[in-house]
Amino acid sequence: MGQSVNSKSVSMTMIPAGDRSLTIRLIGRLDAFSTGSIWREAVDGVKARGWEDVVVEADGLDYIDGTGIGLLVQLRTIQTERGNRIDIKGLRPEFKRLLDMFDPSFFTNIPPENTEKKRFLEKIGYASAELFSDMKSLVSFVGEIFSALSFALKKPSQVRWKDVYLVSEKAGIDALPIIILIGFLMGLIMSFQSALTLERFGAELFVANLLGLSMFRELGPLMTSILFASRSGSAFAAEIGTMKVNDELKAISTMGINPVSFLAVPRVIAALSMTPLLTLFFIFSSLIGGAVVMLSMGYPLTAYISRVFSSLNISDFLGGMLKAVIFSIFVAGIACHRGLMTGTGASAVGESTTSAVVSGIILIAVVDGVFAVIYYCLGI
Amino acid sequence: MKEKEPIISVRNLTCAYGENVIVDDITFDVMPGEIFVIMGGSGCGKSTVLNHMIGLDIPGSGEILIDGLNIVSAQGETRLKILSKIGVMYQMGALFGSMTLLENVRLPMEEFTDLPLEAMDFIAGMKLALVGLRSYSGLMPSEISGGMKKRAAIARAMALDPGILFLDEPSAGLDPVTTAEIDEVIKGLSEDLGVTFVIVSHELSSIFNIADRVIMLDKRLKKIVAEGDPRELREHSDDPIVREFLQRKAWNKESI
């Protein structure tokens, strides 16, 4: 007796006759939802031995759809490729016509897909080339943006000031709550943690020096720029990326407008003007956080304030602000660049947004390192 | 053959967005196996009616029976059962940009059947072959033309062999040759697989070529102003709106 498979609505019985021929009897309804249950058995059963003759008895089938026909075509393709015979009996004429549409040769002549695996070294080569071309396009973009900015300086009326105000509001004013919150919490946590250690030496009051110096020189601009990159840089990339996907950038170009001056310049100017202000807010809210800790430890506010500013000079303040300005150009610039470089499809927008934030933060870290070296050499 | 039951039955359908009534109290049937076209000028509510028929929008009133089940009130299992009977091709194709054509066609099978992967690939290949795209199966949607996208979208709509296919403007924005190719695909699927087509279109050349029956909607009256064989309507309709629509455009077509 042959092997038998029963499913929801179709049953298949395979009856071998000797070593050479196999009869497959199909009964029921062979459609997209039932074919899956017998596909593997049917295909493996026919493949298992080089049956010279396979007979499919299809007269028991009430209904067969494209998926069911797919199974018959697959069986026929296997037999034909091996030079063996297959006879599909009892199929209703309308289904027979459908089956005949798929000539087995049609499937054997499919051009092979390019599935050749790249070797490890080759992959490194490709990745390096990609990195190199990315760097190249970034450098050329930096050039483009500086030339567009200098053009804007020469002819301020050419700048789309309405966009500048709009972006400034979205990326600047709307970002205030999160900047103030994170600044306050950082000041609070840093002061509290360092006060716990310094208390052992009776030097809690120096928390004020530590907080003031680190916030003005380093953490203020750094944290603000990182927050700017993740909050607004991502938005720049997503907005410009979606415009690219919707062919809006093509429209801009064909109107004879330079996409860099149209889209990137207003955003960079907005970032340039907003980041130093946001940095100031960040620093002052962190100082308020520090003040809360110091007050709770019993030190008067005047002592705290005088401590904070006694350890600072104007070069610390200006150095920090300069960093904020430079970071903002890089963050906004790279976000616009990633947006303009977006590929096609919805996922490309996601990729360019991620890339804008990641590259922005990496650039901030690298440029901060460069600043540290320069300030050290200049003795600031 | 008259005793056939309609496969889709739209009863007293009123489509409105808020206060804005788009179509008012229309009734029509679609018979199994026919190519049924909803036509009319821009803004007459063709696509709105289609969106209601596939359950995307909820009508102001009326019912839409698909194979005896009302899609308007259907929930859960019943709704899934109705949706398994239909396939939809959207105006721009709506292929998933991150997947190849083969993967696009395979997706509904992955979600709803227990076919092994190689079987899904094989059948997806067959569906693509039916629309003449077998050798493009490894390409991404961004790498093919607009007409090919629409054909691939038809293949995806057919993935689970639904009995009814809804096509939203299959020939909009395509050149006459590509339009004719898509018409051939539709006629082929109708004749070979017995699929019922509900097509929204205003391409007269295509309508005269493929439609078994049409309804025509009018923007001002918000009603069906004509129903029947489009060729007969063109020759014999005594309604000026219908004549104007069918003849003027037909005349335009000939002058091209």
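What you see below is based on every heavy atom in this structure, not just the backbone, and it leaves out hydrogens, waters and symmetry mates. None of these values were measured; they are calculated from a predicted model.
- More than 12 heavy atoms of other residues, nucleotides or ligands sit less than 6.0 Å from atom OH of Tyr63(A).
- Residues Pro32(B) and Glu5(B) share a closest heavy-atom pair of CD-O, 3.2 Å.
- Summarising the local packing, CD1 of Ile58(B) is surrounded by 12 or fewer heavy atoms from other residues, nucleotides or ligands at distances under 6.0 Å.
- Taking Met109(B), Glu118(B), Glu191(B) one by one and counting their heavy-atom pairs under 4.5 Å with chain A, the maximum is reached by Glu118(B).
- Contacts of Thr35(A) with chain B are made by both backbone and side-chain atoms, with heavy-atom separations under 4.5 Å.
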Task: Residue pair Thr342(A), Ser352(A): steps toward the side chain to side chain donor-acceptor pair (under 3.5 Å) verdict - done: CA-CA 6 Å; Thr342(A) 304; Ser352(A) 57; 3.1 Å; yes

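- Neither the backbone nor the side chain of Leu71(A) comes within contact range of chain B; no heavy atom of the residue lies under 4.5 Å from a heavy atom of that chain.
- Contact annotation for Leu160(B): both backbone and side-chain heavy atoms come within less than 4.5 Å of a heavy atom of chain A.
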